[in-house]
Every structure is written in structure tokens, then in C-alpha cells.
Novice: 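Quick one: the structure is below, and I'll ask about it shortly.
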Amino acid sequence: MALQIYNVLHREKEPFVPLHEGRVNMYVCGPTVYDHAHVGHAKTYVAFDVVVRYLRYSGYDVLYVQNLTDVGHILDSGEDRILKKARQTQSLPMQIAETYARSYFADMDALGVVRPDISPRASGHIPEQIEMIETLLAKGHAYISDDGNVYFDVRSWPEYGKLSNRRVEEQEAGSRESVREDKRNPEDFALWKLAEPEHILRWDSPWGVGYPGWHIECSAMSRKYLGDTFDIHGGGVDNIFPHNECEVAQSEAANEATFARYWMLVGSLTVPDEFGVPVKMSKSLGNFYTIKDALKLHRPEVLRLFILSGHYRNPIVFSEDALDAARKGWDRIYGAVRLVRTKLQSAPEGDAGGAFRDVVDKAKQQFIAAMDDDFNAPGGLAALYDLTREVNTLLNSSETVGRGVVEAIDQTYRELGGTVLGIVPEEEAAMASTSAEREAGLIQLLLDLRADARAQKDFARADQIRQQLTGLGVTLEDRPDGTIWRVD
RNA sequence: GGCGACGUCGCCAAGUGGUAAGGCGAGGGUCUGCAAAACCCUUAUCGUGGGUUCGAUUCCCACCGUCGCCUCCA
């Protein structure tokens, strides 16, 4: 079965056929960089990271574009988020954008999220946005209001609402906010706004000095790098309306071409409130955990596994208990990986135990079948857990296993767990420095001494060594073929 | 009020028109000097009520509950 993707546009799974064979052009709405990213962002971008990784693993040449919003994202109060932060911290707006863009990349790097190929910023694409607005005006899908602002004319575009399945007539016009008088219709959205004197983020335009609306950046930038029509558009479900809806409308109106062919939207991350009821984590509610804080408590692989243990379209509830369960599951998988890598050092040449290759192949097929079904990462993980049980059984048995087979197992973990899911590290980071090498040597020395003690049935001495090492965070495992250790 | 989604073992979570993966936890074993780890066994009839069907957890309707969006949010 070839890859199927749940297309939000049609509310069903569809076979994935890219516009150009072997190539995938993909755009994902990025963050507004006015604060540190929280674990909700981690969910969204880890989910798309795995999408991109799996597409590449499947042989596609992926061009992945993810924007950074650094202008135009207006608050209810009419204030720009970036400007607000700049005022609060007495900084320049671009200083804020730069600070948090770096913070965002640092977080994503730490989470093992592969960087997008292009990370365009809204502020760096003002001409492209102006050009698209001019096109919309020329085609009669936008108008200049009495106040001089430019709005998209929703009534001129009957398809408006097709993504979020909302009919303009159904909306309670201006029920939540006073309708801006200069709009023809309350649902019209801003393409360009004239800047008030105190608004520092400002650019020249045919309509005067001002700044672009929030939605137009994604339309302009995706078009610039991916073309009028591209394959996949991603983002968080919470942006389906109005943001994504506006993107589709203005892009298709301006380009007279289909915008994104497949829409993939990720479920939100929630956090229990004081009564245990899950509520959405968001910056404005102030109930968020930053990725930096989460990474102080958990390895990035554990955070990823937690995120991937639910399907990307479903919401997940963030809690320490859930993270703890994820950590234990991860320990099991990684324990097997470590065992495999240990065995690799002593495995005899040859293909003894070659029948196990069937088990490995089966796991791989199971994994691919799951991922081909709309990137079902939980199913993929189940394949890894099944494999792990088999691997443990094999390597803990007295059966001789040749190097070729052990290598095949290791390779499978590297591909599926490492390359695709990003939860199996390449090498133990702790081994990557000279001081760590020295430490390993010292521990081995103690293990040798302990082995002597055990041989002489001096268990008191043997246990003393083990206990002291445990106290230092080094756990020992006595195996038939020797003692191995790990740092917790 | 409108739109969207969800409700599967104690917890988390896949999935299928023909009686349900996986993880965590719990109980019982095996192995071990002890431990650690691992492995084995046990642990669900799928929110409620109808309907369609030979047969539904899976399709349809209603209801209850929860979440998201409709206003900035990944």
C-alpha cells in the first residue's frame, strides 16, 4: 500500500501523488517569534519533522519551507505582538524577532528536528507581499477602504470557507469584536494596514507607509519558493480558521491556481487545569511549559517518543506521568539498541541465526505499513516494540548470532528509530569525549575488580562496588557473558 | 449558537463490518549469589439509546461527556 494522507481539504485519506514525481514541495506555518517556544510547538514541529523524515526515507526529494512570523501578527487590542514585546523590554522589534528566532532554532535543534530547507521571514518578503496584494486589487478581490487600508473582499470569493467548512453567512458578524468600520464586510481581512505614527514596523507601499496583514505572508512566501501550486501545507489545527482559510482564498484568487493539494493539520497539545480537565496550552493563557524547561527534565528522544505515541491529528495531554511512561518505553527500546551494539563488538563473523532476518524484515514492513497510513507513528512504534521483544529474546538466549545478523538489527534501529522517528541516538553522547573515555575505562577497571571478587564468592565486596556505582548513577547488569553498565 | 474532532483495558494509545496492536501500571512465573535487565502468563467486547446488516466497536441517527476553532495562538 502506497502512502496515504488524510487531506483536511476533503476530510478523508487520499493516496499521495505529488505534483512532480519523486519531489515534494511542502510548507508549514512557523511560529511567531516573540517568546520562547513551548511544548505545544514541539508537538507540531516534531510531527512535521517525522513527516519530512519519512517522505525522504521513502525516496522523495523534499523541499521543506517553514516561515518565521516577525511582523503583522496583530493582537485583539490591535497591537503587533512583536512590537508589544519590544515595548515591554525596551528593545528594537527586530531584536525581539532575532532573539526568539534563535531560541526557536536552538530548541528545534535540541529536539533533533531537522531544519527546514528555507526559513523565510515575513519582514524579509515585503515586496512579494505587496506584489500579491496588487494582484488581488487588480483582479477585484481586494479593495482600499476609506481609511486607506487594503482588505481582501471575501464576498468576491465564493470558495472562501472551503477548508474550514464555514459559510460566511453563518458567522455572527462582529459578535465578539466591534466591526471595523472601514471594512465592507466584517469577515474581510486585512492585507495591508497603514501604520500609526507609533508603529515602528513600517514599510513603503503603493498605499502608503504601513505593514502587511498576518495571512498574506504565507501566501507570498510559499508562492515564491514552492510555486502557485504545491503538494503539502501543514500547520496546527487551531490555525485552520481564519489563518489557513485566508491563505487559500487569497492565494487561489491571486494565482488563479490550486494552492496546496494536501492539507495536514496537527492536533493541539493540552495541559490539565486545576481540575484535571485538559485545556489548550498557549502563550496567552500563560499555562505553558517551554521546550527548554521540558528538556531540563527529559531527554529529547523521550519528548519525541511522547509526542509520537499519539497520532499527529489527535490532541495529546501533557503531563509528567505521561512523560514518565514515555521514558520507560524509551528505556526498553534503547536498552535493546545498547544490547545490540554491545553484541556487535563480540559477534562472530558469519550469518549464524540468519533466520532472524525474517523477523527484522517483518518489523520493517509493519513499520512502513503503519507510516504509509497517514504517518501512523504510534503504529510504527508498536512495530519497534514488537521487534524489541524479539531482539531481547534472541540476544539473551544462548543461540550464536553472527555479525551480519546483529548488524542488520542495528541498521534497522538506526533507520526506523533513528533516521525516521529520531528517537534512537546515533551513538551514546556520553562516549563522545576524552573524559568520558577515561570514565569508561575507570568503570571497566572497577568491573574487572568486581568480577574477581565474584569469582572468589566475595559478594560483599562485589555488592559494595555495585552499590557505590549505583550511587553515582551507573547501573550494572550481570549477564552470562559479562557485566555491562549504563548511565541513567 | 455555528464549524471540526474525540469518547477503546487502571492510565496512555492504534485499529478493523466478522468479537480488539502496542506502551505504562498491576498480579503470577522463569532466569540470577543477590540485584539489574530480559522473557513468559494473566489483566477490555470498544460512552448511552436506537437504526442499517446474516453480523458493528467499526456505517447512520439521537443523546450524554470532553476538547479545539469561530478573537491572537503550533
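Quick caveat, the model's predicted, so the values are computed rather than measured. Residue numbers begin at 1 in each chain, while the letters A, B, ... track the order of the sequences.
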Novice: Using a cut-off of less than 4.0 Å, is there contact between a side-chain N or O of A/Arg338 and OP1 or OP2 of B/A37?
Specialist: no
Novice: So A/Arg486, base contact, sugar-phosphate only, or nothing? Heavy-atom distance under 4.0 Å.
Specialist: sugar-phosphate
Novice: Is the shortest side-chain N to carboxylate O distance from A/Asp331 to A/Arg327 below 4.0 Å?
Specialist: yes
Novice: Test side chain to side chain contact (heavy atoms under 4.5 Å, CB included) on A/Tyr100 and A/Ile82; report intermediate values, then the result.
Specialist: CA-CA 10 Å; A/Tyr100 293 108; A/Ile82 305 275; over 6 Å; no
Novice: Verify the contact: side-chain N or O of A/Trp485 to OP1 or OP2 of B/A36, cut-off strictly under 4.0 Å; return yes or no.
Specialist: no
Novice: Between A/Asp331 and A/Asp463, which residue's closest nucleotide on RNA chain B lies nearer the 5′ terminus?
Specialist: A/Asp463
Novice: Assess A/Arg115 against A/Phe105: is NZ or CZ under 6.0 Å from the centre of the six-membered ring, and within 45 degrees of the ring's axis?
Specialist: yes
Novice: Any donor-acceptor pair, under 3.5 Å, between the side chain of A/Asn376 and the base of B/G15, if you only look at N and O atoms?
Specialist: no
Novice: Output yes when at least one side-chain N/O atom of A/Asn392 is less than 4.0 Å from OP1 or OP2 of B/C39, else no.
Specialist: yes
Novice: Looking at B/C73, I'd like to know if its phosphate oxygens (OP1 or OP2) sit under 4.0 Å from a side-chain N or O belonging to A/Lys280.
Specialist: no
Novice: So does A/Arg332 get a side-chain nitrogen or oxygen closer than 4.0 Å to the phosphate oxygens (OP1/OP2) of B/G23?
Specialist: yes
Novice: Between the base of B/C34 and the side chain of A/Arg466, is there a donor-acceptor distance below 3.5 Å?
Specialist: yes
Novice: Any side-chain N or O of A/Asn314 under 4.0 Å from OP1/OP2 of B/A14?
Specialist: yes
